[in-house]
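Structure first, then comments.
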Amino acid sequence: MTARNDRTDIPERIDPALPKVELHLHLEGAAPPGFIRGLAKEKHIDIAGIFDDHGHYRYRDFPDFLKVYEAASTTLQTPEDFLRLTLAVLEQSARDGVIYSEVFLSPDFCGGGDLSAWREYLHAIEEAAQQAENTMGITLRGVVTCIRHFGPRKARAVARCAAETAGDFITGFGIAGNEAMGHPRDFTYAFDMAREAGLRLTAHAGEWGGPQSVRDALTHLRVERIGHGVRAIEDLALVDELAERGIVLEVCPGSNVALGLYPSFAAHPVARLRERGVGITLSTDDPPFFHTSNTREYEALARAFDWSEADFRAINTDAARAAFCDEPTRERLLKRLEA
Ligand code: ADE
Ligand code: ZN
């Protein structure tokens, strides 16, 4: 049973300082709108149309969200911009108790997608990550991510960037973007290249596509984690397969609710997936776009499902076990989660 306050209708608040492991965060998607407006002003870029009257990102639906996201990313033009962005994002995550963040890095959005400059951008991001680790105690690892609607050719070039920079910092490869475009088999070559370079693999699937999309990602991309994956719930045989195979889902409930996939947290399948034995982890995806934060997600889930601090601790331990990091880092994370 969940411990409760005197008010019987409100579960005990989840301590915002509860240590958290986040496995699904897009670096550009985590850019606060004020940060992007500041860059736009500096560089005389007119992107006023992507903000509402309150200064928040404005979009109508998922395809429009992707357009707004790409427009915001046009302001990120130099390695220095990425250094500042990485620091701003990690500061926010650390304030929310995040001790480890696996961040999707998209060479396509670095300075207009000139992939020959990828190492310079990566160097800047890594420098910011080191500063954040030293001053805030938060660890970042990068998952290089291709964009599905940019097509398989671009994805192969991005996989080459990933393979060439694979190591202690770049530990994974993934695919994001519009799940309605193309088929996972179009991206097999890119994922094979990344796997051969020793990278761990994840793919966005089962967000806008149904269970077959998840099956296709598993078959053709041979990933060990799925970004979202929540629509697996529409096929219980698949749910059981995910549980048996230990395929872990990077679930982002607030993102799914904000984009209209589910009408509320209470209607979200995360609790049903967990109850049926699937490894689930909790992340924020693109928090300023969805008016969310790690703390807000936890509070909304505690309210929707009566989840207690013990539930969140167990979920974060599972996340640390599923993280694409080296074993000494994992041991350190597990110790911090226990403390
Ligand atoms: N890129 C950033 N956020 C995304 C999402 N929720 N789905 C697919 N691609 C994305
Ligand atoms: Zn995502």
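Read the numbers this way: they start at 1 and go in the same order the structure lists the ligands and their atoms. Worth saying up front: this structure is predicted, and the values here are computed from it rather than measured. Numbering of residues begins at 1 and proceeds along the displayed sequence.
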### Message
If I apply the N/O under 3.5 Å rule, does L66 come out as touching ligand 1?
### Response
no
### Message
Against the six-membered ring of F173, is R200 placed for a cation-pi contact (under 6.0 Å from the centre, within 45° of the normal)?
### Response
no
### Query
Can you find a non-hydrogen atom of Y69 under 4.0 Å from ligand 1?
yes
### Message
Measuring from non-hydrogen atoms of F289 to any atom of ligand 1, is the shortest distance under 4.0 Å?
### Response
no
### Query
Angle class for the H204/F104 ring planes (parallel below 30°, perpendicular above 60°, tilted otherwise)?
tilted
### Atoms in ligand 1 with a heavy atom of D286 nearer than 4.0 Å
2 (C), 3 (N), 4 (C)
### Message
Need the ligand 1 atom indices (1-based, order shown) with element for anything under 4.0 Å from a heavy-atom of H228.
### Response
6 (N)
## Note on the structure
In ligand 1, the atoms that come under 4.0 Å of a heavy atom of H204 are 7 (N), 8 (C), 9 (N)
### Query
Is there at least one pair of N or O atoms, one from E207 and one from ligand 1, spaced under 3.5 Å apart?
yes
### Query
Does G29 come within less than 4.0 Å of ligand 1, judged by its heavy atoms?
no
### Query
Backbone or side chain, does D285 get an N/O/S atom under 2.8 Å to the Zn ion (ligand 2)?
yes
### Task
Would you mind running through ligand 1 and noting each atom that sits below 4.0 Å from a heavy atom of A176?
9 (N)
### Message
Regarding R330 and E327, does a basic nitrogen lie under 4.0 Å from an acidic carboxylate oxygen?
### Response
yes
### Message
Taking V98's backbone N and O only, do any of them form a donor-acceptor pair with S93's side chain (distance below 3.5 Å, no angle check)?
### Response
no
### Task
Output the atom name for the N/O/S atom of H24 with the smallest distance to the Zn ion (ligand 2).
NE2
### Message
Whether R274 and D311 form a salt bridge (side-chain N of Lys/Arg under 4.0 Å from carboxylate O of Asp/Glu) is what I want to check.
### Response
yes
### Task
State whether H228 contributes an N/O/S atom found under 2.8 Å from the Zn ion (ligand 2).
no
### Query
Have D216 and T219 got a donor and an acceptor in their side chains that come within less than 3.5 Å?
no
### Message
Just to confirm my output: which protein heavy-atom neighbour is closest to atom 9 (N) of ligand 1, and how far is it?
### Response
G177 N, 2.9 Å
### Task
Examine ligand 1 and decide if any of its atoms is less than 4.0 Å from a heavy atom belonging to W208.
no
### Task
Please determine if K20 forms a cation-pi arrangement with Y298, meaning its NZ or CZ atom is less than 6.0 Å from the six-membered ring centre and no more than 45° off the ring axis.
yes
### Message
Parallel, tilted or perpendicular: which one describes the rings of Y69 and H26, with boundaries at 30° and 60°?
### Response
perpendicular
### Task
Report the angle formed at the Zn ion (ligand 2) by atom NE2 of H204 and atom NE2 of H26, rounding to the nearest 10°.
100°
### Message
Once you measure the plane-to-plane angle for F290 and F65, does it fall in the parallel (<30°), tilted (30-60°) or perpendicular (>60°) bin?
### Response
tilted
